[in-house]
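Each remark here refers to the structure printed beneath this line.
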Amino acid sequence: MGRAEERRARQRGGGARRAATSPPAGARRMERGPDIGQQRGHRSVGSPSDGYGRGPGAGPGYGHDDGGDHGGRADRRRAATRRERDDRSLLRRIFTWKKILGTFFGMILLGMAAAVGLYLYVDIPDPNVDATQQSNVYKDASGKTIANVGETKREIVGLDKIPRPIQQVVVAAENKTFYKDPGVDIKGTSRGVLNTLMGKGRQGGSTITQQYVKNFYLSQEQTVSRKVQELVIALKVDRQVSKDEILAGYLNTSYFGRGVNGIQAAAQAYYGKDADQLSLSEGAYLAALLQAPNQYDWAIASETGKTLAKQRWAYALDNMVEMGWLSPSERAEQEFKEPLKPTQNPGLKGQNGYIVEAAKNELARHLMETDELTAEEALKKIDQGGWTITVNIDKKKQKSLEKAVADQLTDKLDPKSRKVDAAVKAGAVSVDPKTGKIVALYGGEDALKQHNMAIQRDYQASSTFKPVILASALENRSTKDGRPITPNTIYDGDSKTKIDFGGGQTYAPPNEGNDDYGDVTVQRGMDKSINSVFAGLGADVGMDNVKETAEALGMKEFDPHPAMTLGSMGASPLDMAGVYATFDAHGKKVTPSIIAKAEHSKSGEWVPEPIGDQVIKRETADTITSVLQGVTSDGTGSTVLKGEYAGKYKAAGKTGTSDNNVSALFAGYTPELVTVVGIYGEAPEGGGGLKRPDGKPAAAGNHVSLRGAGGEDTIHGSGFPSRIWAAYTLGALNGGSDARFDLETDMGVGVAPPPTTAPPTTAPPTTEPPETQDPTTKPPTDDPTTEPPTDDPTTEPPTTGDPTYEPPITIDPDPDDPNNDQGKPRD
């Protein structure tokens with residue numbers, strides 16, 4: 001077969017195949033019109049054609065061979081079209097409106113389920129430590145804050161301490177829907193979350209409840225998880241806690257600038273008053289601060305900041321009008337009141353630290369007694385904060401005491417010229433005997449530089465103890481030989497008179513300057529502070545009885561050996577102020593209190609009761625007062641009634657000076673005030689080149705002699721202490737007082753002139769003639785026939801010169817420790 005024949009055979013086969021799958025040619029022609037092939041003459045009638053005059057396999061050249069794939073492309077186009085139609089149909093079948101809506105609502109239900117699960121899963125946590133941390137606030141008698149002690153400056157107060165208008169202006173400024181909303185603002189919170197995600201920082205939008213939750217339970221970090229927690233906890237808190245509790249918590253935890261938290265501390269910081277004293281205008285400014293505390297602080301704000309602060313102030317007040325809490329006329333009356341300039345918190349500087357220390361110690365002793373705590377536990381409880389302690393300090397009297405010390409002592413000291421002047425320390429306490437309140441206290445130059453001499457017990461009471469011996473004698477009323485003891489009882493007043501204390505113990509104390517007075521009355525012995533008289537009196541009364549009386553009057557326990565008749569036990573000005581206040585209070589026990597009131601939200605309120613029971617008979621106390629008037633009128637304490645002080649007030653008192661001039665005191669009182677002033681020698685840091693009484697080089701805190709201090713040869717109670725006492729008393733009494741002692745006694749110079757009679761002839765003196773004795777010899781205390789030592793030359797006293805030193809509450813210096821006995825007390 002030739003090639004032509006093979007080609008024709010293939011063509012016939014292809015035409016047959018197409019015929020089997022294609023409509024008849026006539027049908028196509030019917031659809032497309034006359035046979036194009038015939039019109040164009042390419043094919044004879046009836047030849048295989050696709051309707052366009054092209055046979056099977058015809059290409060685009062209409063009659064050329066090898067164009068048979070054109071039909072394949074058409075098929076593919078048709079198949080693609082069909083697939084596209086099928087895909088659109090599938091999408092329409094999948095994404096129907098019903099399915100879209102169902103998915104939408106399904107997502108909502110899923111979100112709600114997640115929210116419910118989150119609500120159930122997230123619990124209200126415990127408050128964070130910072131939110132509950134408070135400082136201890138100390139206020140004087142006028143209510144003015146004198147110290148705010150603690151890392152967090154906050155004083156939590158109840159809503160009852162915040163006036164209603166102040167509450168309302170805060171709500172008006174921060175969250176107008178507070179009383180109606182469920183505790184959250186979904187729109188505002190969503191905006192906050194979005195801003196956090198976009199890195200725009202805090203943008204606001206939280207409700208008061210949410211802000212309270214953030215402050216009280218959470219942290220200040222800006223994260224989505226914290227924001228979600230805030231939302232859930234706020235919802236729970238709003239359901240479980242009243243709006244008033246939430247508002248109170250918010251006002252107590254919010255930061256107001258100037259380093260203070262809570263509206264009470266803010267009121268003090270910006271307006272110098274408590275929150276319950278704020279005016280509406282002042283409260284509106286504090287409400288404005290909540291938005292931008294540092295930017296709106298008037299003291300540091302720029303002009304723009306001040307403008308914004310006033311706009312925010314006005315915004316809060318205008319909202320109050322809108323909410324019906326303030327009338328338009330009342331709004332028109334409001335004037336912006338600029339806050340005070342910030343003042344440096346006095347803290348513990350100067351006398352404040354001493355006052356705070358004394359108050360803290362007193363509160364700790366109370367907690368030890370009532371809560372059965374150790375000293376450490378009591379102090380820890382106080383340091384946890386939250387206490388508001390009002391002290392009895394009277395500002396005017398406090399200033400008078402500080403001025404008296406400065407004028408009469410510190411201004412006269414010159415450490416550069418006299419080394420001893422650097423060792424001079426002063427301590428003083430002033431008490432109202434009718435109430436027992438400590439109205440003034442001086443602890444030293446500065447609480448940040450030295451410890452508190454007003455409560456220091458490692459110096460001797462010295463001769464200020466002698467009235468205690470007389471009080472015990474008047475209570476027991478008889479000598480060894482049965483004679484009654486009165487201020488007129490005669491004793492041997494010669495120096496080193498040997499006194500028999502019984503049990504083989506004798507004591508022969510020297511008088512000041514070794515002066516001999518012969519037979520003198522107890523009154524005269526008190527006036528001139530004659531040691532031998534009171535040694536004899538102590539022997540007659542019995543030292544156990546003296547000790548019992550001393551403790552009843554408030555002194556600490558001591559060993560009742562013969563040397564104690566000269567006051568060699570340790571006692572602070574505070575201790576002796578209590579003793580003398582009891583005399584002034586006619587024998588009713590006075591325990592001086594520096595605390596007027598101590599309040600705590602959990603521990604409650606404590607109000608001390610300084611006036612106690614009758615511990616000595618009124619006649620005894622009044623007789624002591626009468627006798628001590630002789631000391632101030634014609635004795636060692638007459639400085640307080642001379643010169644500018646003459647006739648200004650009635651005074652009773654007693655001087656005291658220890659051996660070697662280590663310390664000097666004056667304890668005195670008028671009908672209105674009891675004040676004890678002490679001057680002490682204490683080596684400064686490094687010892688100051690000074691020596692101890694035993695001649696050894698002094699270390700910081702060692703007791704040293706005051707001789708030469710202030711340019712005076714010797715220091716006695718009649719010197720600096722008496723002059724300070726008189727200057728203070730005159731100022732504290734506003735220039736003087738006509739008040740007189742109300743005495744129920746017929747004894748002592750206060751009610752009768754001193755006797756001029758000779759020693760009694762009906763009974764011999766109760767003392768023996770003095771024996772020759774080496775005045776420099778001081779045998780050991782365990783030798784019953786000799787005088788106990790007043791100084792241990794081999795032992796240094798405690799070093800307490802560290803400026804950070806704080807005397808422990810229960811571990812006071814042992815008054816009976818020979819290491820603390822720095823010299824024989826005398827005048």
message = Please determine whether a side-chain nitrogen of the Lys or Arg among E557 and K547 lies less than 4.0 Å from a carboxylate oxygen of the Asp or Glu.
response = yes

* Side chains of S529 and S463: donor-acceptor distance under 3.5 Å anywhere? -> yes

Taken to the nearest 0.5 Å, the spacing of T620 OG1 from L474 CG works out to 5.0 Å

Kindly determine whether V579 and D575 satisfy side chain to side chain contact (heavy atoms under 4.5 Å, CB included), including the steps that lead there.
CA-CA 7 Å; V579 172; D575 292 334; 5.9 Å; no

When every non-hydrogen atom of V429 is compared with those of A577, the smallest separation belongs to CG1-CB, 4.1 Å

In D746, L743, D742, D584, the residue satisfying side-chain contact (heavy atoms from CB on, under 4.5 Å) with D622 is L743

Between the NZ atom in K399 and the CD atom in Q351, the distance rounded to the nearest 0.5 Å is 13.5 Å

Give a yes or no on this: more than 12 heavy atoms of other residues, nucleotides or ligands lie within 6.0 Å of atom NZ of K396. yes

Review point. So do L470 and M526 actually touch side chain to side chain, heavy atoms under 4.5 Å?
Key: yes

E551 and F558 have their tightest heavy-atom pair at OE2-N, 4.2 Å

Kindly say whether G493 contributes a backbone atom to a donor-acceptor pair with the side chain of N511 at under 3.5 angstrom? yes

Distance col, row I724:CD1 vs I679:CD1, nearest 0.5 angstrom, shows 4.0 Å

Checklist entry - Does one side chain, of Y669 or T625, offer a donor that lies under 3.5 Å from an acceptor on the other? => result yes

The reported gap from CD in E609 to OG1 in T591 (rounded to nearest 0.5 angstrom) is 11.0 Å

Quiz item: Does a donor on one side chain and an acceptor on the other come within less than 3.5 Å for E362 and S593?
Solution: yes

Atom CG of residue position D713 - does it have more than 12 heavy atoms of other residues, nucleotides or ligands inside 6.0 Å? no

Evaluate whether atom NZ of K139 has more than 12 neighbouring non-hydrogen atoms of other residues, nucleotides or ligands under 6.0 angstrom away.
yes

Q: Could you tell me whether the side chain of N476 and the main chain of V541 form a donor-acceptor pair under 3.5 Å?
A: no

Tightest non-hydrogen contact, residues G717 and S722, listed as O-OG, 2.6 Å

Are the side chain of D613 and the backbone N or O of V615 linked by a donor-acceptor pair below 3.5 Å? no

**Report entry** Expected output: side-chain S472 to main-chain N545 donor-acceptor under 3.5 Å
**Finding:** yes

dist D519:CG -> I490:CD1 (nearest 0.5 Å) comes out at 6.5 Å

Practice prompt. Might you confirm whether atom NZ of K412 has over 12 heavy atoms from other residues, nucleotides or ligands at distances under 6.0 Å?
Written response: yes

State, with a plain yes or no, whether a side-chain heavy atom of V677 is found less than 4.5 Å away from one of Y442.
no

- request: Mark yes when over 12 heavy atoms from residues, nucleotides or ligands other than E402 sit less than 6.0 Å from its CD; otherwise mark no.
  value: yes

Output yes when R524 and D634 qualify as a salt bridge under the 4.0 Å nitrogen-oxygen rule, no when they do not.
yes

When every non-hydrogen atom of A571 is compared with those of M576, the smallest separation belongs to CB-SD, 3.8 Å

Q) Side chains of T636 and T655: donor-acceptor distance under 3.5 Å anywhere? A) yes

query = If you count the non-hydrogen atoms of other residues, nucleotides and ligands that lie under 6.0 Å from NZ in K691, is the total more than 12?
reply = no

Of all heavy-atom pairs linking A698 and A683, the shortest is CB-CB, 3.8 Å

query = When the ring planes of H703 and Y459 are compared, do they come out parallel, tilted or perpendicular, using 30° and 60° as the limits?
reply = parallel

- [ ] Without swapping roles, check the side chain of E475 against the backbone of K617 for a donor-acceptor pair under 3.5 Å.
- [x] yes

Would you say S663 and S658 are linked by a side-chain donor-acceptor pair, where the criterion is simply a distance under 3.5 Å? yes

Distance-only, no hydrogens or angles: does the Q614 side chain make a donor-acceptor pair with backbone N or O of H586 under 3.5 Å? yes

Quiz item: Any donor-acceptor pair under 3.5 Å linking the side chain of D516 with the backbone of S495?
Solution: yes

Any chance you could lay out the salt bridge (Lys or Arg N to Asp or Glu O under 4.0 Å) test for K403 and D407, step after step, and finish with the verdict?
CA-CA 6 Å; K403 185 177 185 302; D407 292 347; 2.6 Å; yes

Flag for S430-Y728: side-chain donor and acceptor within less than 3.5 Å: yes

Tested for side-chain contact (heavy atoms from CB on, under 4.5 Å) against F583, the lone hit among L553, V674, V590 is L553

Is any side-chain heavy atom of V391 closer than 4.5 Å to one of L441?
no

Do I616 and I624 come close enough that some side-chain heavy atom pair is under 4.5 Å? no

Under a 3.5 Å cutoff, is there a donor and acceptor pairing between the side chains of N488 and T486? no

Requested in this report: For the pair D140 (side chain) and G143 (backbone), establish whether a donor and an acceptor sit closer than 3.5 Å, ignoring hydrogens and angles.
Outcome: yes

The side chain to side chain donor-acceptor pair (under 3.5 Å) partner of E682 among K425, H451, Q450 is H451

Would you check, one step at a time, whether the test side chain to side chain contact (heavy atoms under 4.5 Å, CB included) holds for N361 with I455? CA-CA 10 Å; N361 285 356; I455 63 174; 3.7 Å; yes

Under-4.0 Å salt bridge between E672 and K397
no

Nearest heavy-atom approach of N392 to A596 is OD1-CB, 3.0 Å

query: Can you tell me if W725 uses its side chain to pair, donor with acceptor, with the backbone of G668 under 3.5 Å?
result: yes

Rounding to 0.5 Å, atoms CG (D738) and NZ (K648) come to a distance of 10.5 Å

*Residue pair T497, S532: steps toward the side-chain hydrogen bond (donor to acceptor under 3.5 Å, both in side chains) verdict*: CA-CA 6 Å; T497 297; S532 56; 4.7 Å; no

| said: Taking the side chain as everything from C-beta on, heavy atoms only, tell me whether Y507 gets closer than 4.5 Å to T565. | reply: yes

Does any part of the side chain of V627, heavy atoms only, come nearer than 4.5 Å to the side chain of Q523, both counted from C-beta?
yes

Looking at T639 and R723, would you say the former's side chain and the latter's main chain have a donor-acceptor pair under 3.5 Å?
no

Item to check | side chain to side chain contact (heavy atoms under 4.5 Å, CB included) assessment of V607 paired with K597 | outcome: CA-CA 5 Å; V607 178; K597 179 172 60 176; 4.1 Å; yes

Min side-chain heavy-atom separation Y138-I355 under 4.5 Å: no

- Would you call L706 and Y680 a side-chain contact if the rule is heavy atoms closer than 4.5 Å? no

* side chain to side chain contact (heavy atoms under 4.5 Å, CB included) evaluation trace for Y649 with L641 -> CA-CA 8 Å; Y649 44 71; L641 291 178; 3.7 Å; yes

